[in-house]
Amino acid sequence: MRIAYFGPSGTFTEMALAKLESDGVVGPGVERVSASSPPATLEAVRRGEADGAVVPIENSVQGSVPPTLDALAIGDRLQIVAETELDVAFTILGRPGVALSEVRTVRAYPHAAAQVQSWIEREMPEAQVEFAASNAAAAEDVASGLADAAVSTGLAGERFGLPVLADGVADVGNARTRFVLVTRPCPPPARTGSDRTAVVLTPDNRPGTLVAALSVFATRGIDLTFIESRPLRTHFGTYRFYLDCVGHLDDLAVADALRVLHEQMDTRFLGSWPSHHVSATSGSVAGEDSARWLEDIRRGEGTS
């Protein structure tokens with residue numbers, strides 16, 4: 001299998017892919033293919049250049065990863081089939097011969113910079129933070145002489161031969177990032193009883209539509225674990241909503257909720273996959289059109 005990941009080599013995303021490999025989620029003999037951004041990583045799957053993609057989707061400190069959410073909502077539908085989590089603490093890498101007190105420029109991926117901002121202000125008060133394309137790219141910039149130090153990973157330091165100025169750096173202890181494995185549409189992994197289901201909703205811009213959508217879950221006793229709004233970029237006040245809930249497409253309540261949502265508004269199924277959350281749901285039935293839509297996505301078909 002060819003699996004694309006948000007690279008270059010040495011990012012936390014590559015480490016997440018390695019964890020999925022070691023956990024047996026993807027088979028042996030994976031060919032890793034780096035991509036320059038979460039959208040580019042997902043596009044590799046849409047174009048058929050990769051069988052799957054690993055991208056970050058949520059961080060316990062900074063919340064969602066907007067480029068990933070936006071890329072999942074547009075273009076041909078893709079599907080999340082697995083997830084993994086990593087503890088995230090950063091390694092400060094420096095140019096050879098540069099001490100921590102001498103650092104004046106620091107390259108960092110924006111999400112990483114936000115998670116070590118207080119540490120940088122305290123330990124490197126003279127340093128100016130400059131954004132990099134990824135954690136590994138920050139290390140590459142230092143190796144190329146474009147900055148004095150990088151907020152990166154130990155793996156990237158080994159790859160580029162950079163000394164470690166500080167390790168285990170994080171403003172918030174026990175920070176974690178969730179990564180997802182994405183493929184083209186397929187039958188969802190089998191229900192485990194500890195599953196997560198995700199959809200993208202684009203309701204009409206009129207009063208009460210979001211409340212109505214949320215009530216579909218509430219009245220069926222389905223727990224929402226994630227909700228995020230993103231602008232449609234057409235004009236002010238228009239949004240799409242990303243929702244994760246506890247449960248699987250094969251849980252009666254979850255299936256019924258998705259059918260009803262599909263009847264009420266534009267609904268894109270993002271997947272049902274094993275998670276760390278326990279599902280306990282029940283439910284009823286809905287209309288024929290939405291029942292057919294549900295069967296399509298169960299077979300790994302359908303465009304929404």
Side-chain angles (χ1 to χ4, degrees), residues 5-23 25 37-38 41 53-70 72 80 82-94 100 103 106-125 127 129-139 141-142 149-159 162 164-182 194 196 198 224-228 230 242 244 246 273-277:
Y5 68 93
F6 174 32
S9 182
T11 59
F12 282 109
T13 311
E14 186 184 20
M15 295 164 64
L17 173 52
K19 188 171 186 295
L20 288 168
E21 291 178 43
S22 66
D23 290 344
V25 176
S37 66
T41 308
V54 177
V55 288
I57 196 167
E58 183 183 14
N59 177 267
S60 62
V61 177
Q62 288 300 109
S64 66
V65 180
T68 296
L69 297 186
D70 291 342
L72 286 170
I80 301 170
E83 69 176 36
T84 191
E85 294 181 0
L86 292 180
D87 291 322
V88 174
F90 298 92
T91 301
I92 308 300
L93 306 172
L100 196 64
V103 171
V106 181
R107 290 289 171 99
Y109 184 58
H111 254 64
Q115 294 179 65
V116 297
Q117 180 178 350
S118 297
W119 188 94
I120 289 176
E121 291 173 352
R122 183 178 68 251
E123 302 294 336
M124 297 186 291
V129 176
E130 302 168 348
F131 288 153
S134 68
N135 293 316
D141 289 346
V142 172
V151 179
S152 191
T153 68
L155 179 60
E158 295 173 7
R159 297 275 168 86
L162 299 174
V164 174
L165 301 182
D167 204 7
V169 175
D171 289 345
V172 178
N174 301 315
R176 295 180 69 79
T177 295
R178 182 163 63 99
F179 301 83
V180 290
L181 173 62
V182 182
S194 298
R196 185 195 301 266
L224 292 177
T225 58
F226 177 86
I227 179 169
E228 180 81 9
R230 293 291 297 158
Y242 300 75
D244 285 6
V246 173
W273 65 94
S275 184
H276 303 290
H277 302 279

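Since we're looking at a predicted model, the values are computed, not measured.
- For the pair Asn135/Phe12, a side-chain contact is recorded, criterion being any heavy-atom separation below 4.5 Å from C-beta on.
- Using modelled atom types and a 3.5 Å distance limit, the side chains of Glu58 and Ser64 yield no donor-acceptor pair.
- The two atoms that bring Ser134 and Thr11 nearest to each other are OG-CG2, 3.9 Å, heavy atoms only.
- The structure places CZ of Arg178 at 5.0 Å from CD of Glu83, a figure rounded to the nearest 0.5 Å.
- Contact detail for Asp171 and Ser118: the closest heavy-atom pair is OD2-N, 2.8 Å.
- Thr91 places no side-chain N or O within 3.5 Å of a backbone atom of Asp167 that could act as its donor or acceptor partner.
- The structure places CG of Leu181 at 9.5 Å from CD1 of Ile80, a figure rounded to the nearest 0.5 Å.
- Between the CD atom of Glu158 and the OG1 atom of Thr153 there is a distance of 8.5 Å, given to the nearest 0.5 Å.
- Residues Arg196 and Trp273 form a side-chain contact, since some pair of their non-hydrogen atoms from C-beta on lies under 4.5 Å apart.
- Atom OG of residue Ser37 and atom CZ of residue Phe6 lie 7.0 Å apart, to the nearest 0.5 angstrom.
- Taking 4.5 Å as the limit, some side-chain heavy atom of Leu72 sits within range of a side-chain heavy atom of Val182.
- Side-chain contact between Val55 and Val180: present, with at least one pair of heavy atoms (C-beta onward) separated by less than 4.5 Å.
- Contact record, Gln115 with Ala175: OE1-CB, 4.2 Å, taken as the closest heavy-atom pair.
- Using a 4.5 Å heavy-atom cutoff, the side chains of Leu86 and Thr177 are not in contact.
- Considering CZ of Phe90 and CD1 of Ile120, their distance stands at 10.0 Å, rounded to 0.5 Å.
- Without hydrogens or angle criteria, Thr41 side chain to Ala53 main chain gives no donor-acceptor distance under 3.5 Å.
- Taking the side chain as every heavy atom from C-beta outward, Val25 and Thr84 never approach each other to under 4.5 Å.
- To the nearest 0.5 angstrom, Thr13 atom OG1 is 4.5 Å from Phe179 atom CZ.
- Taking every heavy atom of both residues into account, Asp244 and Ala198 meet most closely at OD1-CB, 3.0 Å.
- When all heavy atoms of Val151 and Ala112 are compared, the closest pair comes out as CG1-CB, 4.0 Å.
- Using a 4.5 Å cut-off on side-chain heavy atoms (C-beta onward), Arg176 and Asn59 make no contact.
- When all heavy atoms are compared, the tightest approach of Trp119 to Ala166 is CZ2-CB, 3.6 Å.
- No side-chain donor-acceptor contact under 3.5 Å links Gln117 to the backbone of Ala113.
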